[in-house]
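What follows is a set of notes on a single structure, which appears directly below.
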Amino acid sequence: MAAVPPRARRKPFERVHHGDVVIDDYEWLRDKEDPEVIAYLDAENAYTDEATSHLAGLRERLFDEIRSRTLETDRSVPVRDGGHWYFTRTAEGSQYGVHCRVAVSSADEWTPPEVEPGMPLAGEEVVLDDNAEAEGHEFYSLGSFDVSPDGTLLAYAVDTVGDERFTLRIRDLRTGADLPDEVTGTFAGAVFSGDGSSIYYPTVDDAWRPDTIWRHRVGTSAESDETVFTEPDERYWVGVGLTRSKRYLEIALGSKITSEVHLLDTTDPDAELTVVWPRREGVEYSVEHAVVGGEDRLLILHNDGALDFELISVAPDAPADRDRWQVVKAHDPAVRLEDVDAFAGHLTLDYRRDGLTRVAVLRLDPSATTLDGDAFVELEFDEPLFSVGTSGNPEWGQPTVRYAFGSFVTPASVFDYDVTTGGSTLLKQAPVLGGYQAADYEQRREWATAADGTRVPVSLVARRGVLGSGPAPLVLYGYGSYEASMDPSFSISRLSLLDRGAVFAIAHVRGGGELGRSWYEHGKTLTKKNTFTDFVACAEHLVAAGLTSPDRLVAQGGSAGGLLMGAVANLAPALFAGVLAQVPFVDALTSILDPSLPLTVIEWDEWGDPLHDPEVYAYMKGYTPYENVSEQPYPRILAVTSLNDTRVLYVEPAKWTARLRDVGAPVLLKTEMSAGHGGVSGRYERWREVSYENAWMLDVLGLADAGAPTATDATVDA
């Protein structure tokens, strides 16, 4: 006999805003200390287990496929920081990595040592073993990891619950023992001071907003820690760090639309924090310290009168004096500047053009006192879709630039770019076992047309021969919020879908940042519905182009992308066979109305303020998934969430599921009872989680019984 779906008890709760009376029958599910709430979530899990029990074998096969393609005993590419090369090892059977290091042989050594998986280097030290730290805990997350400038101490912070509250500790790397120092309730992102005598760390307020920076003096009690900076405005997050030159301690504040940076000159013992530019509503900027022609400069990337940002160089003693600004890269509406990094001998610039990420390098002329923005050299790649960005470059004096490259078909690859010669050296490409051949797959871009005429890009990947051979099973992924760009990247777990004949596609909808700042601006606050209609337009385009059909189409998205999933399920349910909503923000109006909830006030710049603005209230009520569930045929829906998530509370999908079930929707709810916003921790547990979700999608797509081709079946494009 089939299991009976659980039905949450109705407990009417009245909410009144702007004269609008709403009766919410399931708001009571918010209290996770209530045994009845936990019993309901357990009942939903049991029902989901029963409803998906026929997929147990497929889930195991998918897990085995991920594992068989993954080099389990592996290592990262060493990164030089100070007098050591740092890298991470993984070992077969271990959930987490082991952070290791080896001393550099000389001051001018910039070629990373060859590290063999499973084979220790001479003089190799274990800095931190995440497996040992995670022992006895169902969840583990490392939130801070910073080594003192002299290499003798490690500041690290761990979360063993999933609520993003970390305990900060200090380890003496000479002995391997932790100092008595221990600070509880910190946020991620602790750093050592330039001289290593102190650690700066953030804490959060009651709404889980990082609002205060503290200084902890090594060797003292946490009770004597000093407040360095606190930000009372609930719209702003606060973070702390050192510039690469270690000349300045930087405290950066940011709302969704406004920035403010404070600097402390570490070379002056009497210096105090000074603001670079006082905050002005709508002006965002970031600051980097550079030395140009022997003179200190601040490089400021800003959007003051420059929608897609401009790069300027200013003197540290007068950063707000416009008469002394030097424009390095003027605003260009076709180029969204995203980040600038300064080194002793060069600069790097990360940006996006034509919907793709880019990296350029400028070699500094020691005799030049100004910067020539036209002299930046862009790195070139020969794939139609790709992702590239600088990473792993902590050293001020390094003569190379480390960057990561990948695509739908090219596994994540790490390169060093030689600034002098202009050549790139491949240091590592993530291994894919089992005979993977990139030529067996193809990637391409389609363009859908939204109702208002806007062209929306869609990126696709499939096994060669699938695209264009008729309607194929297809997973359409979307996000579309916070100017976050969903760039093409490689996924081992995705191969199991592609090899069974499915197509994977990303709808680059408005609200993301793929096509610049205006792309984001036209998918937020009172234009948010563009995000949803863009996704529907992408799905309709793929169907009209003969690439898929509604009965073979699954929509997928998480967090704010889960809001997108709930919205399109209401807007166009007949267009999809299934919807996978991961930690979905589906009760957005209720959350954004309550400033006491975690992160609500800071979100008003993204979604609008429905608490004080009746127009925003009405607009949000018109699209929020929970508010708009109706009597109509819905596709199959799987919602996954985590009990300890502090970003999107479990109650949102729990309420949504209950209301969907009231109208007869075929919906399942799966709640991880010991995880946070990012889901379970540990790589094997994550593989099982993605195998669970992929099995469900394959079932919806009609591919649950399809076998994956073997390496001998591969067709290599000559």
Side-chain angles (χ1 to χ4, degrees), residues 1-6 41-72 92-93 95 138 432-436 440-441 462-463 466 472-475 477 491-504 551-556 558 576-582 635-642 657 666-675 679-714:
M1 180 182 295
V4 177
L41 296 177
D42 286 339
E44 286 283 4
N45 280 342
Y47 174 68
T48 298
D49 287 345
E50 175 67 22
T52 61
S53 60
H54 64 292
L55 299 176
L58 176 59
R59 292 196 292 263
E60 199 62 31
R61 290 194 297 275
L62 294 175
F63 175 82
D64 289 343
E65 288 172 21
I66 296 172
R67 191 167 186 175
S68 68
R69 288 181 169 126
T70 302
L71 184 62
E72 296 180 63
E92 183 176 352
Q95 292 275 18
E138 291 186 53
V432 184
L433 308 181
Y436 172 78
D440 294 339
Y441 304 84
R463 278 192 71 90
V466 171
L474 190 146
V475 175
Y477 179 87
S491 166
I492 282 182
S493 62
R494 187 187 301 138
L495 294 178
S496 294
L497 302 179
L498 304 183
D499 288 351
R500 286 170 170 80
V503 178
F504 179 80
D551 63 331
R552 312 190 85 187
L553 178 57
V554 167
Q556 178 188 6
F576 305 96
V579 173
L580 172 59
Q582 300 152 304
R636 291 168 61 182
I637 295 173
L638 171 62
V640 294
T641 187
S642 298
T657 300
V667 59
L668 301 175
L669 174 65
K670 181 176 183 288
T671 304
E672 291 293 342
M673 304 303 280
S674 59
V680 295
S681 65
R683 57 176 177 164
Y684 295 105
E685 293 307 310
R686 290 187 185 276
W687 295 350
R688 291 203 178 277
E689 183 176 55
V690 73
S691 296
Y692 186 101
E693 294 168 356
N694 284 352
W696 182 85
M697 289 194 293
L698 286 169
D699 190 40
V700 175
L701 294 171
L703 296 175
D705 297 324
T710 64
T712 56
D713 298 326

Mind telling me whether Tyr684 and Phe63 have parallel, tilted or perpendicular rings, with 30° and 60° as the class edges?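 Plane angle between 30° and 60°, so tilted.
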Any side-chain heavy-atom pair of [X] and [Y] under 4.5 Å:
X	Y	answer
Trp696	Val640	no
Glu92	Arg67	yes
Val503	Arg552	no

Taking every non-hydrogen atom, the tightest pair across [X] and [Y]:
X	Y	result
Ala43	Pro6	O-CG, 3.6 Å
Ser493	Ile66	CB-CD1, 3.7 Å
Pro635	Phe576	CB-O, 3.1 Å
Leu701	Leu553	CD2-N, 4.1 Å
Ser496	Arg69	OG-NH1, 3.3 Å
Gly501	Pro473	O-CD, 3.7 Å

Decide, yes or no, whether a salt bridge links Arg59 with Glu693 under the criterion of side-chain N to carboxylate O below 4.0 Å.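 The answer is no: the pair does not qualify as a salt bridge.
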Taking it one step at a time, do Leu669 and Leu41 satisfy side chain to side chain contact (heavy atoms under 4.5 Å, CB included)? CA-CA 8 Å; Leu669 174 65; Leu41 296 177; 4.2 Å; yes
Test Leu580 against Val700 for side chain to side chain contact (heavy atoms under 4.5 Å, CB included), laying out the working first. CA-CA 10 Å; Leu580 172 59; Val700 175; over 6 Å; no
Atom pair [atom1] ([X]) and [atom2] ([Y]), whose distance is rounded to the nearest 0.5 Å:
X	Y	atom1	atom2	value
Asn694	Ser491	CG	OG	7.5 Å
Leu58	Arg500	CG	CZ	6.0 Å
Arg636	Leu668	CZ	CG	8.0 Å
Glu689	Lys670	CD	NZ	6.0 Å

Worked check of side chain to side chain contact (heavy atoms under 4.5 Å, CB included) between Glu60 and Glu65: CA-CA 9 Å; Glu60 199 62 31; Glu65 288 172 21; over 6 Å; no
Dump the intermediate steps for side chain to side chain contact (heavy atoms under 4.5 Å, CB included) on Arg463 and Asp499, then the final yes or no. CA-CA 7 Å; Arg463 278 192 71 90; Asp499 288 351; 3.0 Å; yes
With a 6.0 Å cut-off on the ring centroids, do Phe504 and Tyr441 count as close?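 Between Tyr441 and Phe504, which both carry aromatic rings, the centre distance is not below 6.0 Å.
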Please check: side-chain N/O of Thr48 versus main-chain N/O of Asn45, any donor-acceptor pairing under 3.5 Å?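 Answer holds: no.
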When you measure from the side chain of Asp699 to the backbone N and O of Ala704, does any donor-acceptor pair fall under 3.5 Å?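 Absent.
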Give a yes or no on this: more than 12 heavy atoms of other residues, nucleotides or ligands lie within 6.0 Å of atom CD of Glu72.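 For Glu72, atom CD is crowded (more than 12 foreign heavy atoms under 6.0 Å).
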